[in-house]
Amino acid sequence: MKKTVSFICLICMFLTSYAAQKAMGTLHMKDGSKYSSVEIELPAGTVEEFKIKSDGKKIKIKSNDVDSLIVWHKSNPDDKYLMRYSKRREIDYDKGEDKIEKYSKWFVLKNTGKYVSVWVYACMVDVTKSGITTAPCDTKYGYNTFYNFWKNGDLYPVYMKYFSR
């Protein structure tokens, strides 16, 4: 029995380490420092801390200390994606509210324009050879992909919450 339990635990550990695939990235920190071409455990959602591997050393990084994060898959270094950790402004037209959310979140840049860029709130992020994927968030309204608009010069992206009844 003990051998069976040990074997199952070993398989679970293997699957967990395999599932947590790491991407490559460059972190630009708020203090001006930079970690270039490091292995990253991709942050997502409201993750406040994540790990990188630089020069063979594992380093814990606080999300609040990161200005921007550029990620790519090891085998496709020319296909890069920009991520940022920020609070967001939520406008709820049904309730007539306009507020800054309490918790910061990870966002992935989807598209840029002259005055505004579109960012996806990243509940889950994965970088593969063919690109980046973000998973929808499980909410009381079902699974949703939250598109946010970040105007040049604004502190936070804006999410416009509108549900017609």
Side-chain angles (χ1 to χ4, degrees), residues 20-52 54 59-164:
Q21 291 184 356
K22 296 172 179 69
M24 297 301 293
T26 296
L27 288 82
H28 296 270
M29 307 302 286
K30 289 181 179 174
D31 67 3
S33 62
K34 180 177 168 180
Y35 294 96
S36 297
S37 298
V38 296
E39 198 173 274
I40 299 174
E41 290 180 8
L42 284 172
T46 57
V47 169
E48 296 177 352
E49 190 175 88
F50 60 99
K51 294 176 187 170
I52 65 170
S54 178
I59 303 168
K60 284 185 181 180
I61 301 291
K62 291 184 188 230
S63 295
N64 272 330
D65 294 339
V66 179
D67 183 53
S68 64
L69 170 58
I70 301 166
V71 297
W72 62 90
H73 191 274
K74 280 184 180 182
S75 63
N76 197 358
D78 294 329
D79 195 13
K80 296 183 178 170
Y81 300 90
L82 178 63
M83 295 179 67
R84 294 198 60 196
Y85 186 71
S86 173
K87 292 184 179 186
R88 76 174 170 186
R89 181 176 160 210
E90 183 179 288
I91 300 172
D92 187 334
Y93 290 102
D94 286 342
K95 293 181 182 177
E97 295 177 344
D98 184 348
K99 64 182 179 185
I100 304 298
E101 290 182 334
K102 184 176 181 179
Y103 299 103
S104 293
K105 298 167 173 43
W106 278 100
F107 296 91
V108 177
L109 179 62
K110 200 71 173 162
N111 206 341
T112 60
K114 187 173 182 179
Y115 302 105
V116 70
S117 52
V118 179
W119 296 74
V120 175
Y121 165 46
C123 291
M124 187 284 306
V125 179
D126 189 25
V127 176
T128 65
K129 291 178 186 179
S130 60
I132 194 166
T133 57
T134 56
C137 303
D138 185 9
T139 70
K140 64 182 177 183
Y141 306 106
Y143 285 93
N144 292 299
T145 299
F146 295 100
Y147 290 95
N148 303 266
F149 304 93
W150 209 326
K151 185 178 170 187
N152 295 347
D154 281 1
L155 288 176
Y156 310 113
V158 176
Y159 173 65
M160 292 177 265
K161 188 176 186 180
Y162 181 75
F163 296 99
S164 58

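FYI, side chains are in, hydrogens and waters are out, and symmetry mates aren't considered; it's all heavy atoms of this structure.
A salt bridge does not link Lys51 with Glu39: none of the charged nitrogens is closer than 4.0 Å to a carboxylate oxygen.
With rounding to the nearest 0.5 angstrom, the CG atom of Leu42 is 12.0 Å from the OG1 atom of Thr134. Note: Asn76 CG to Lys129 NZ = 9.5 Å, rounded to the nearest 0.5 Å. Rounded to the nearest 0.5 angstrom, Met160 CE and Tyr93 OH are separated by 5.5 Å. Note that CG of Asn148 and CZ of Phe146 are 9.0 Å apart. Values are rounded to the nearest 0.5 Å. Note that OH of Tyr35 and NE2 of His28 are 13.0 Å apart. Values are rounded to the nearest 0.5 Å.
Between Lys87 and Ile100, the closest side-chain pair of non-hydrogen atoms falls below 4.5 Å. Leu82 has its side chain within reach of Ser68: a pair of non-hydrogen atoms, C-beta onward, lies under 4.5 Å apart. Considering only heavy atoms from C-beta on, Pro43 comes within 4.5 Å of Leu69 through its side chain. Using a 4.5 Å cut-off on side-chain heavy atoms (C-beta onward), Phe149 and Pro157 make no contact.
Taking all atoms of both residues into account, the shortest heavy-atom contact from Trp150 to Asp154 is NE1-O, 3.0 Å. Lys114 and Asn152 get closest at one heavy-atom pair: O-ND2, 2.8 Å.
Among residues two or more places apart in sequence or in another chain, the ring-ring contact (aromatic ring centres under 6.0 Å, His included) test is passed with Trp72 by none. Evaluation of the side-chain contact (heavy atoms from CB on, under 4.5 Å) rule for Tyr85 yields Glu48, Ser63, Asn64, Ser104, Trp106 as partners, not counting sequence neighbours.
A cation-pi geometry, defined here as NZ or CZ lying under 6.0 Å from the six-membered ring centre and within 45° of its normal, holds between Arg88 and Tyr121.
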